[in-house]
Amino acid sequence: MTEILTPEANGLARAAAFLRGGELVAFPTETVYGLGGDATNGRACAGIFAAKGRPSFNPLIVHVPDLAAAQEYAVIEGPLLRLAQAFWPGPVTIVAPLRAGHGLSDLVSAGLPSVALRVPAHPLAQALLRETDRPLAAPSANPSGQISPTTAAHVYAGLNGKIAAILDGGACAVGLESTILGGDPVRLMRAGGLAVEEVEAQLGHPLPEDTTPGKIQAPGQLSSHYAPDAPVSLNITDRHAGRTLIGFGEVMGDLTLSESGDLVQAASRLFGALHTADALGLPIDVAPIPNIGLGRAINDRLTRAAAPRS
């Protein structure tokens with residue numbers, strides 16, 4: 001059985017001890033719960049792939065406490081450095097070239113010459129990173145391709161018995177995975193918890209997109225991802241018998257992402273609504289979501305959730 005740990009000092013110390021010993025611990029970030037393992041320990045990283053059933057060609061995001069720690073593992077410079085300085089800690093992942101002698105497991109980068117790094121803002125994630133004193137590889141704490149977890153209960157439902165512990169820090173505030181940026185010139189590799197418009201304002205120019213390249217270059221680029229067991233249809237405005245409608249704004253559903261049409265609220269509710277709808281065992285319809293601000297990331301997740309399964 002997987003242990004549920006409280007966020008007090010004893011729970012934090014036990015979580016860190018598990019991680020230093022090569023075990024896996026799920027922990028909260030401001031985006032979603034991550035499935036943490038010591039990123040310098042090849043056995044621990046292999047355990048992440050095994051617990052999730054994750055394809056080995058899909059890289060892992062490495063969480064570190066600050067920019068200085070990130071620079072130990074990758075060469076972050078130029079526009080990427082300015083973005084890291086502007087948005088870390090926060091829901092942004094930077095993909096940068098691996099530094100010589102980085103010490104990370106080869107499994108983290110999935111054979112690529114770069115690594116995806118993030119500095120989480122969640123205080124419990126920060127405390128765990130400092131208590132563990134290791135970089136933590138931490139993809140979303142769910143079986144690969146399924147709905148991402150925003151509560152400890154979501155993690156337990158998907159991974160109980162497969163990992164050592166879950167550090168329960170309550171519900172995640174952002175509710176969408178991080179925005180992923182990388183390349184020279186900088187491009188968007190995955191829309192996420194930081195709106196693209198904020199990145200573009202910092203760069204001073206539009207951000208090119210490369211969210212599903214021919215070869216996987218960053219986490220979250222599989223075409224079918226974040227998927228419930230039930231089939232998902234998008235841009236539906238009317239209720240249909242025998243189906244569950246997730247509403248938004250004026251479209252009133254069986255569940256709703258936001259009655260007021262608030263995209264921040266919709267992002268925070270997205271994965272929880274998909275979990276709830278999936279449990280009803282019916283096909284899922286989702287109301288139209290404006291493709292602006294966080295709506296771009298919401299639509300990215302919904303499109304992948306609705307993609308044909310291979």
Side-chain angles (χ1 to χ4, degrees), residues 29-32 34-37 39-40 45 48 58-122 125-126 129-130 134-140 148 174 176-213 215-222 294 296-297 300:
T29 74
E30 68 275 23
T31 57
V32 300
L35 177 54
T40 67
C45 293
I48 292 174
N58 203 1
L60 302 174
I61 293 176
V62 176
H63 293 62
V64 293
D66 50 41
L67 176 57
Q71 291 280 27
E72 295 179 22
Y73 306 109
V75 180
I76 305 174
E77 56 190 12
L80 286 177
L81 177 58
R82 294 200 301 274
L83 291 171
Q85 291 169 332
F87 296 118
W88 276 352
V92 177
T93 293
I94 300 292
V95 177
L98 281 161
R99 187 175 293 280
H102 53 79
L104 298 172
S105 166
D106 290 340
L107 291 174
V108 164
S109 58
L112 299 172
S114 57
V115 63
L117 292 161
R118 184 161 101 80
V119 177
H122 196 292
Q126 278 284 331
L129 285 163
R130 297 182 188 282
R134 308 279 171 84
L136 297 180
S140 57
S148 296
V174 175
L176 283 174
E177 292 88 356
S178 59
T179 299
I180 301 182
L181 307 168
D184 183 15
V186 178
R187 61 190 184 275
L188 176 69
M189 293 181 165
R190 182 181 74 183
L194 178 70
V196 169
E197 290 86 345
E198 293 189 54
V199 180
E200 291 176 333
Q202 184 67 33
L203 290 173
H205 59 74
L207 184 64
E209 294 191 33
D210 187 7
T211 54
T212 310
K215 181 180 179 182
I216 299 297
Q217 299 183 58
Q221 292 186 319
L222 293 174
L294 288 183
R296 294 174 67 168
D300 171 81

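The figures here come from the full heavy-atom set of this structure, side chains too, leaving out hydrogens, waters and symmetry mates. Numbers here simply count residues along the sequence, with the first being 1.
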Is the closest side-chain heavy-atom distance between Pro91 and Leu176 below 4.5 Å?
no
Sorted by chain and number, sequence neighbours left out, side-chain hydrogen bond (donor to acceptor under 3.5 Å, both in side chains) with Thr179 holds for none
- Between Arg190 and Glu209, does at least one N-O distance fall below 4.0 Å, as a salt bridge requires? no
With sequence neighbours left out, the residues meeting side-chain hydrogen bond (donor to acceptor under 3.5 Å, both in side chains) with Arg82 are none
The side chain to side chain donor-acceptor pair (under 3.5 Å) partner of Thr29 among Glu177, His63, Arg118 is Arg118
Taken to the nearest 0.5 Å, the spacing of Leu194 CG from Leu83 CG works out to 9.0 Å
The reported gap from CG in Asp66 to CD in Glu72 (rounded to nearest 0.5 angstrom) is 8.5 Å
Heavy atoms of Ala74 and Leu117 approach each other most closely as CB-CD1, 3.5 Å
Original post:
Got a donor-acceptor contact below 3.5 angstrom from the Arg134 side chain to the Ala39 backbone?
Top reply: no
Minimal heavy-atom distance between Leu81 and Gln71, with the atoms involved, is CD1-NE2, 3.8 Å
So CG of Leu207 and CD of Glu198: to nearest 0.5 Å the spacing works out to 12.5 Å
*Output, in order, the C-alpha distance, side-chain angles, deciding distance and verdict of side chain to side chain contact (heavy atoms under 4.5 Å, CB included) for Glu197 and Val199.*
CA-CA 5 Å; Glu197 290 86 345; Val199 180; over 6 Å; no
Side-chain donor or acceptor of Gln126 paired with backbone N/O of Pro120 under 3.5 Å
yes
Open item on the list: Could you check whether any side-chain heavy atom of Leu181 comes within less than 4.5 Å of a side-chain heavy atom of Leu188, counting everything from C-beta outward?
Closed with: yes
Check: Given Val64 and Leu129, is the side chain to side chain contact (heavy atoms under 4.5 Å, CB included) satisfied, shown in steps?
Finding: CA-CA 7 Å; Val64 293; Leu129 285 163; 5.6 Å; no
Of all heavy-atom pairs linking Gly182 and Leu80, the shortest is CA-CD2, 4.0 Å
Is Ser109 close to Leu98 at the side-chain level, that is, under 4.5 Å between some pair of heavy atoms?
yes
query = Between Pro135 and Thr40, is any pair of side-chain heavy atoms under 4.5 Å apart?
reply = yes
Heavy-atom closest pair (Cys45 atom, Val108 atom, distance to 0.1 Å) is SG-CG2, 3.8 Å
Separation between OG1 (Thr93) and CH2 (Trp88), nearest 0.5 Å, reads 7.5 Å
Notebook entry, point to check: Is Ser178 reaching over with its side chain to a backbone N or O of Ile180, donor-acceptor style, under 3.5 angstrom?
Noted result: no
>> I'd like to know if the side chain of Glu30 reaches the main chain of His122, judged simply by a donor and an acceptor atom lying under 3.5 Å from each other, with no hydrogens or angles considered.
In response: yes
Value for CD1 (Ile94) from CE (Met189), rounded to nearest 0.5 Å, stands at 10.0 Å
On a heavy-atom basis, the closest approach of Leu60 and Pro139 is CD2-CG, 3.8 Å
Looking only at heavy atoms, the pair that brings Ala137 and Ile48 closest together is O-CD1, 3.5 Å
So CD of Gln85 and CD of Gln202: to nearest 0.5 Å the spacing works out to 9.0 Å
